[in-house]
Student: 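I'd like to ask you about the structure that follows.
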Number of protein chains: 2
Amino acid sequence: MVSYTPAAMKAELHERGWRMTPQRETILNTFQNVAKGEHLSAEELCELLKEEGEPISLSTIYRNLKLMSRMGILRELELAEGQKRYEINQPSPHHHHHLICVRCNKTIEFKNDSVLKAGAKMADKSGYHLLDCQLLIHAVCPACQRSIMPV
Amino acid sequence: MVSYTPAAMKAELHERGWRMTPQRETILNTFQNVAKGEHLSAEELCELLKEEGEPISLSTIYRNLKLMSRMGILRELELAEGQKRYEINQPSPHHHHHLICVRCNKTIEFKNDSVLKAGAKMADKSGYHLLDCQLLIHAVCPACQRSIMPV
DNA sequence: GAACTTTTAGATATTATTTGCAATAAGATG
DNA sequence: CATCTTATTGCAAATAATATCTAAAAGTTC
Ligand SMILES: [Mn+2]
Ligand SMILES: [Mn+2]
Ligand SMILES: [Zn+2]
Ligand SMILES: [Zn+2]
């Protein structure tokens with residue numbers, strides 16, 4: 001897991017016969033500049049880019065979110081119900097995990113290097129090339145424990 | 001995280017004014033008897049029950065998979081692309097995590113109690129009531145590293 | 001810059017999941 | 001046990017996230 005510059009991303013794309021495009025660079029830059037703790041969905045990213053005056057079509061966004069996740073540049077998160085969210089994939093000092101309330105989707109990020117190390121070790125032991133390692137904790141937050149909401 | 005008997009599930013449903021039904025008991029039994037390492041999707045569960053002569057409608061299955069996940073009886077996994085999979089949620093000696101190849105979806109289960117403990121501790125520290133704790137490792141398996149597949 | 005290949009935008013298709021509703025049945029109450 | 005209330009079911013229809021198709025545009029190579 002490494003942090004990518006546009007140049008590094010371009011190099012890695014070229015290794016596989018692929019191309020760097022303005023859209024890919026825009027997406028990379030956007031994720032690198034978005035506030036810490038933000039997890040964008042495809043739709044949200046599309047809206048954000050539209051507002052910022054550099055629109056990219058939704059299908060291109062979908063294609064590249066998947067591509068960049070599979071390259072290890074982004075991490076794909078299934079936090080809330082029904083749609084995937086993405087954030088930049090960063091190495092150790094910034095790497096983190098997620099604790100999510102299954103009722104209200106309130107999410108807490110937390111760091112735990114020993115968990116990351118355990119994940120990296122497991123991948124290595126099995127000969128897998130690590131892309132992302134995320135501890136996902138599903139739970140009920142204090143507020144929702146008090147409420148009488150359906151499940 | 002506890003293993004549920006039908007009676008325990010019934011008791012917990014009643015606490016919230018809900019009911020135990022034959023369908024819910026069938027789903028619970030099915031997950032408790034399915035082979036270790038099997039992760040069923042809603043559709044697959046529906047087919048399996050049809051074959052076994054106790055069919056349950058797909059919408060009921062969807063409703064109950066969600067309910068039982070939010071009760072902590074099942075765990076909801078996003079392993080492959082495009083659909084959720086479920087397995088019974090078991091405590092420590094059987095509890096495990098998943099290492100997944102993002103290209104071919106080959107999945108390895110592994111145990112790591114210290115990761116589970118770290119997750120439980122984090123939930124507790126934040127006042128969250130723990131339902132499930134899963135380390136998800138996205139990686140590329142040895143076979144796929146050798147192939148020239150797209151991404 | 002010509003030839004070749006990948007990528008894009010936009011429209012359309014796909015499909016997992018949810019929802020509305022009438023019928024059914026769980027569980028409570030007397 | 002008979003009755004009553006209301007949660008739950010099955011089926012059909014709706015929804016929404018994501019994938020795919022195609023022609024046009026833009027990187028790459030020579
Ligand atoms: Mn995060
Ligand atoms: Mn498993
Ligand atoms: Zn909550
Ligand atoms: Zn693989």
Side-chain angles (χ1 to χ4, degrees), chain A residues 6-7 9-28 39-47 49-50 53-71 74 76-86 102 105 148-151, chain B residues 6-7 9-28 39-47 49-50 54-71 74 76-86 102-103 105 148-151:
Chain A
M9 176 170 168
K10 181 171 188 172
E12 196 160 317
L13 285 166
H14 281 202
E15 273 177 32
R16 316 195 201 182
W18 297 330
R19 296 171 185 174
M20 190 57 164
T21 63
Q23 289 89 342
R24 289 176 179 168
E25 183 155 353
T26 297
I27 293 174
L28 177 60
H39 306 113
L40 296 172
S41 67
E43 197 85 42
E44 285 169 359
L45 174 60
C46 192
E47 286 310 309
L49 293 174
K50 206 175 289 169
E54 31 189 0
I56 298 178
S57 85
L58 192 53
S59 53
T60 296
I61 287 178
Y62 272 110
R63 273 184 299 244
N64 284 313
L65 289 178
K66 179 182 267 190
L67 177 76
M68 292 167 75
S69 296
R70 294 186 167 199
M71 290 176 72
L74 299 179
E76 191 173 77
L77 310 170
E78 184 77 29
L79 301 177
E81 292 303 310
Q83 99 241 58
K84 288 176 180 151
R85 296 183 163 276
Y86 298 82
V102 298
N105 292 325
I148 23 166
M149 271 180 62
V151 193
Chain B
M9 178 171 168
K10 180 171 186 170
E12 197 161 314
L13 284 166
H14 283 201
E15 273 177 31
R16 316 195 202 181
W18 297 330
R19 297 171 185 176
M20 190 57 164
T21 64
Q23 290 86 344
R24 287 176 180 168
E25 184 157 351
T26 297
I27 293 174
L28 178 59
H39 306 113
L40 297 172
S41 68
E43 197 84 42
E44 285 169 357
L45 175 60
C46 194
E47 286 309 310
L49 293 174
K50 206 176 288 170
E54 32 190 358
I56 298 178
S57 84
L58 191 55
S59 52
T60 296
I61 286 177
Y62 271 110
R63 275 184 296 240
N64 284 312
L65 289 179
K66 179 181 266 186
L67 176 76
M68 291 167 74
S69 296
R70 294 187 168 197
M71 290 176 72
L74 299 180
E76 192 173 77
L77 310 170
E78 184 79 27
L79 301 179
E81 291 302 309
Q83 96 241 60
K84 288 176 182 152
R85 296 182 165 275
Y86 298 83
V102 298
R103 298 199 196 163
N105 292 324
I148 24 168
M149 272 180 63
V151 192

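Reminder, nothing fancy here: chain letters follow the sequence lines and each chain counts from 1.
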Student: Keeping B:Arg70 on the side-chain end and A:Val102 on the backbone end, is there a donor-acceptor pair under 3.5 Å?
Tutor: yes

Student: Nearest 0.5 Å, what's the CE-CD distance between B:Met71 and B:Glu12?
Tutor: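 If we round to the nearest 0.5 Å, B:Met71:CE and B:Glu12:CD are 4.0 Å apart.
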
Student: From CZ of B:Arg85 over to C1' of C:dT17, roughly how many Å is that when rounded to an integer?
Tutor: 15 Å

Student: Within the structure, does a side-chain N or O atom of B:Tyr62 lie under 4.0 Å from either OP1 or OP2 of C:dT18?
Tutor: no

Student: Measure the CD-NZ distance between A:Glu15 and A:Lys10 for me, rounded to the nearest 0.5 Å.
Tutor: 14.0 Å

Student: List for me each residue that meets salt bridge (Lys or Arg N to Asp or Glu O under 4.0 Å) alongside B:Glu54, sequence neighbours excluded, and say none if there are none.
Tutor: none

Student: Within this structure, what is the CD-to-P distance between B:Glu54 and D:dT9, rounded to whole angstrom?
Tutor: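 Spelled out: CD on B:Glu54 to P on D:dT9 is 14 Å.
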
Student: Can you check the A:Arg16 CZ to D:dT28 P distance for me, whole Å?
Tutor: 16 Å

Student: Would you give a per-nucleotide map of nucleotides 22-30 of chain C, 5' to 3', where B means the base has a protein non-hydrogen atom under 4.0 Å away, S means only the sugar-phosphate does, and - means neither?
Tutor: ---BBS---

Student: Let me spell it out: for each of A:Leu13 and B:Ser41, pick the nucleotide of DNA chain C with the closest heavy atom. Which residue's pick is nearer the 5' end?
Tutor: A:Leu13

Student: Supply the atom-to-atom distance B:Leu79 CG to B:Asn105 CG, rounded to the nearest 0.5 angstrom.
Tutor: 8.0 Å

Student: Check the distance between C:dT17's P and B:Glu44's CD and give it to me in whole angstrom.
Tutor: 11 Å

Student: Quick one: pull up CZ in A:Arg63 and CD1 in A:Ile56 and give me the separation to the nearest 0.5 Å.
Tutor: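 With rounding to 0.5 Å, CZ (A:Arg63) is 11.0 Å from CD1 (A:Ile56).
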
Student: May I ask you to evaluate whether A:Asn64 reaches the phosphate of C:dT8, defined as a side-chain N or O under 4.0 Å from OP1 or OP2?
Tutor: yes

Student: Just by protein heavy atoms under 4.0 Å, how would nucleotides 10-15 of chain D read 5' to 3' in B, S and -?
Tutor: BB----

Student: If you measure from OH on B:Tyr86 to CD1 on B:Ile27, what distance do you get to the nearest 0.5 Å?
Tutor: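 It comes to 11.0 Å.
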
Student: Could you check how far CG of A:Leu67 sits from P of D:dT20, rounded to whole Å?
Tutor: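 After rounding, the gap between these two atoms is 14 Å.
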
Student: Using a 4.5 Å cut-off on heavy atoms from C-beta on, say whether the side chain of B:Glu78 contacts that of A:Lys84.
Tutor: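 Yes, side chains in contact.
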
Student: Send over the distance from B:Glu76 CD to C:dT17 C1', rounded to a whole Å.
Tutor: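 After rounding, the reported distance stands at 11 Å.
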
Student: Can you give me the bend angle of the helix from C:dG1-D:dC30 to C:dG30-D:dC1? Use the axis through the first five pairs and the one through the last five, nearest 10 degrees.
Tutor: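 Here the helix ends are tilted 50° relative to one another.
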
Student: What residues form a salt bridge (Lys or Arg N to Asp or Glu O under 4.0 Å) with A:Glu25, not counting sequence neighbours?
Tutor: none

Student: Whole Å only: how far is the CD atom of B:Glu15 from the P atom of D:dA7?
Tutor: 17 Å

Student: Please list, chain by chain and in numerical order, all residues satisfying side chain to side chain donor-acceptor pair (under 3.5 Å) with A:Glu44, sequence neighbours excluded.
Tutor: A:Arg85

Student: What integer distance in Å separates A:Met9:CE from D:dG27:P?
Tutor: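 Taking atom P of D:dG27 as the reference, CE of A:Met9 is at 14 Å.
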
Student: Can you tell me how far CG of B:Leu65 sits from CG of B:Leu40, rounded to the nearest 0.5 angstrom?
Tutor: 9.0 Å

